[in-house]
Amino acid sequence: MSAIRISEIFGPTVQGEGALIGRPTVFVRTGGCDYRCSWCDTRYAVLSDYRHDWRPMDPAEILSRVADLTGGTPVLVTISGGNPAIQPLGPLIEQGRARGHRFAMETQGSVAADWFATLDHLVLSPKPPSSGMDTDWRVFDDCLAAANGGPQTVLKVAVFDEADYAFARAAAARHPSLPVYLSVGNHTPGEPNEAGRNGVDQKGLMARFRWLVDRVGQDRWFDATVLPQLHVLAWGNERGV
């Protein structure tokens with residue numbers, strides 16, 4: 001059985017964004033990613049410079065750590081990254097579900113895996129123009145096909161500006177059956193400044209949130225859900241561990 005590269009495991013806390021915002025969860029963050037987004041706020045789980053900090057763990061080790069954190073009580077396990085889709089997560093999900101856990105995962109939709117169908121929640125988050133990355137919509141569609149209607153699947157897009165907003169509108173039009181969540185992007189990921197807690201420009205984030213709410217209202221895009229990043233508002237750029 002292949003080991004899973006783990007950057008960090010932490011919680012219980014709450015999910016900070018998207019359809020599960022506010023839901024108690026334990027995060028299992030994997031190491032490694034096939035993207036290099038310009039505003040990435042988890043570079044320690046992405047860049048190969050940090051690979052020596054990533055620990056190879058098998059599913060039993062990961063689930064043991066989750067049990068330590070929750071006192072053995074089943075919980076929603078949020079798998080994040082990096083891009084967790086590049087990891088061999090099928091056995092982890094299978095063994096975790098046998099212990100009563102539920103699993104949610106977010107990925108940009110750049111790698112498809114058959115174990116997507118065993119998730120409870122799948123967040124597909126294609127990266128907008130501000131990220132500097134391009135979306136291969138054929139592979140994105142492969143991810144939807146791999147999910148095969150198993151998990152509750154939603155579309156989530158981080159929005160920083162008008163170009164990102166237009167991208168989100170186009171992505172939603174491509175997949176009208178997916179619920180849409182718009183997440184206000186954090187433009188100060190880990191950058192030191194005097195604007196807010198732990199280097200976060202809280203006033204700037206709230207201004208962008210208000211702009212996005214107004215933008216959605218102007219377009220009568222009433223199927224979209226607009227959310228701040230709750231974890232950024234509460235904890236700034238702190239790591240989970």
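The structure displayed is predicted, hence computed values, not measured ones.
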S.K.: Determine which pairs satisfy salt bridge (charged side-chain N to carboxylate O under 4.0 Å, His left out) with at least one residue from residues 19-37, sequence neighbours left out, and list them in order.
M.R.: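 Salt bridge (charged side-chain N to carboxylate O under 4.0 Å, His left out) check on residues 19-37 returns E8-R29.
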S.K.: Closer than 3.5 angstrom, by distance alone: can the side chain of Q87 be matched with the main-chain N or O of R5 as a donor-acceptor pair?
M.R.: yes
S.K.: Can you check side chain to side chain contact (heavy atoms under 4.5 Å, CB included) on V180 and T225, steps first, answer last?
M.R.: CA-CA 6 Å; V180 179; T225 299; over 6 Å; no
S.K.: For the pair R208 (side chain) and V184 (backbone), establish whether a donor and an acceptor sit closer than 3.5 Å, ignoring hydrogens and angles.
M.R.: no
S.K.: With salt bridge (charged side-chain N to carboxylate O under 4.0 Å, His left out) as the rule and sequence neighbours excluded, what pairs involving residues 97-118 come up?
M.R.: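 For residues 97-118, and leaving out neighbouring residues, the salt bridge (charged side-chain N to carboxylate O under 4.0 Å, His left out) pairs sorted by first residue read R97-D120, E106-K156.
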S.K.: Is T70 reaching over with its side chain to a backbone N or O of V66, donor-acceptor style, under 3.5 angstrom?
M.R.: yes
S.K.: With rounding to the nearest 0.5 angstrom, report the CD1 to CE distance, I4 to M57.
M.R.: 9.0 Å
S.K.: Should L69 and I9 count as side-chain neighbours, where that means a heavy-atom distance under 4.5 Å?
M.R.: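 Counting from C-beta outward, L69 and I9 do come under 4.5 Å.
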S.K.: How many angstroms lie between atom SG of C33 and atom CD1 of I86, to the nearest 0.5 angstrom?
M.R.: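 Result: 6.5 Å between the selected atoms.
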S.K.: Measure the CG-OG distance between D134 and S110 for me, rounded to the nearest 0.5 Å.
M.R.: 12.0 Å
S.K.: Can you find a pair of side-chain heavy atoms, one from T13 and one from P24, that are under 4.5 Å apart?
M.R.: no
S.K.: Using a 4.5 Å cut-off between side-chain heavy atoms of Ile, Leu, Val, Met, Phe, Trp and Tyr, which other residues end up in the same hydrophobic cluster as Y35?
M.R.: M133
S.K.: Compare all side-chain heavy atoms of Q95 with those of L63 and state whether any distance is below 4.5 angstrom.
M.R.: yes
S.K.: Using the test ring pair (Phe, Tyr, Trp, His ring centres under 6.0 Å), find all partners of F27 that sit at least two apart in sequence or belong to another chain.
M.R.: F10
S.K.: Any chance you could measure D161, atom CG, to F167, atom CZ, to the nearest 0.5 Å?
M.R.: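 Result: 12.0 Å between the selected atoms.
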S.K.: Among residues at least two apart in sequence or on other chains, which ones pass salt bridge (charged side-chain N to carboxylate O under 4.0 Å, His left out) with R174?
M.R.: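 With sequence neighbours excluded, R174 shows a salt bridge (charged side-chain N to carboxylate O under 4.0 Å, His left out) to D141, given in chain and number order.
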S.K.: Would you indicate whether the side-chain heavy atoms of L122 and L144 approach each other to under 4.5 Å?
M.R.: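 L144 does not reach L122 side chain to side chain.
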S.K.: Quick one: do the Q108 and S125 side chains pair a donor with an acceptor below 3.5 Å?
M.R.: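 Side-chain D/A pair, Q108 to S125: absent.
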S.K.: Classify the side-chain pair S38/S131 by whether it contains a donor and acceptor separated by less than 3.5 Å.
M.R.: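 Looking only at side-chain atoms, S131 and S38 do not form any donor-acceptor pair under 3.5 Å.
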S.K.: Would you say the side-chain atoms of S80 pair up with the backbone N or O of M105, donor to acceptor, closer than 3.5 Å?
M.R.: no
S.K.: Could you pull out all residues at least two apart from R65 that satisfy salt bridge (charged side-chain N to carboxylate O under 4.0 Å, His left out)?
M.R.: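 Partners of R65 by the salt bridge (charged side-chain N to carboxylate O under 4.0 Å, His left out) criterion come out as none, since no residue qualifies.
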S.K.: List the steps and the verdict of side chain to side chain contact (heavy atoms under 4.5 Å, CB included) for V14 and T25.
M.R.: CA-CA 5 Å; V14 294; T25 189; 5.8 Å; no
S.K.: How long is the straight-line distance from CG of L155 back to CG of L124, given to the nearest 0.5 Å?
M.R.: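 It comes to 7.5 Å.
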S.K.: Measuring from atom CG of L89 to atom CZ of F103, what distance do you get when rounded to the nearest 0.5 angstrom?
M.R.: 9.0 Å
S.K.: Please walk me through it: do V139 and V111 pass side chain to side chain contact (heavy atoms under 4.5 Å, CB included)?
M.R.: CA-CA 7 Å; V139 179; V111 177; 5.7 Å; no
S.K.: Please identify each residue that fulfils salt bridge (charged side-chain N to carboxylate O under 4.0 Å, His left out) with E162, with sequence neighbours left out.
M.R.: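 E162 satisfies salt bridge (charged side-chain N to carboxylate O under 4.0 Å, His left out) with R215 only.
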S.K.: With a cut-off of 3.5 Å and sequence neighbours excluded, list every side-chain donor-acceptor pair involving residues 45-53.
M.R.:
from, atom 1, to, atom 2, distance (Å)
R51, NH1, S48, O, 2.8

S.K.: Is a donor from one side chain sitting under 3.5 angstrom from an acceptor on the other, for W39 and S130?
M.R.: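 A pair is found: one side chain offers a donor N or O, the other an acceptor, under 3.5 Å apart.
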S.K.: My understanding is that only residues two or more places apart in sequence, or in another chain, count here; which of them pass ring pair (Phe, Tyr, Trp, His ring centres under 6.0 Å) with H101?
M.R.: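 Scan of H101 (ring pair (Phe, Tyr, Trp, His ring centres under 6.0 Å), adjacent residues dropped) gives none.
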S.K.: Going by the rule ring pair (Phe, Tyr, Trp, His ring centres under 6.0 Å), which residues pair with W221 if we only count those two or more places apart in sequence or in a different chain?
M.R.: Y165
S.K.: Other than L20, what residues sit in its cluster of Ile, Leu, Val, Met, Phe, Trp and Tyr side chains whose heavy atoms are under 4.5 Å apart, directly or through others?
M.R.: L76
S.K.: Of the non-hydrogen atoms in F209 and P228, which two are nearest, and what is the gap between them?
M.R.: CE1-CD, 3.6 Å
S.K.: Applying side chain to side chain contact (heavy atoms under 4.5 Å, CB included), run through V123 and T107 and close with a yes or a no.
M.R.: CA-CA 6 Å; V123 180; T107 177; over 6 Å; no
S.K.: With sequence neighbours excluded, what pairs up with N148 under the side-chain hydrogen bond (donor to acceptor under 3.5 Å, both in side chains) test?
M.R.: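 N148: no side-chain hydrogen bond (donor to acceptor under 3.5 Å, both in side chains) contacts found.
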S.K.: Find out whether V154 and P179 are in side-chain contact, i.e. whether some heavy atom of one side chain is under 4.5 Å from a heavy atom of the other.
M.R.: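 They are in contact (side-chain heavy atoms under 4.5 Å apart), so the answer is yes.
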S.K.: Would you find a donor on one side and an acceptor on the other, under 3.5 Å apart, between the side chain of T153 and the backbone of P151?
M.R.: yes
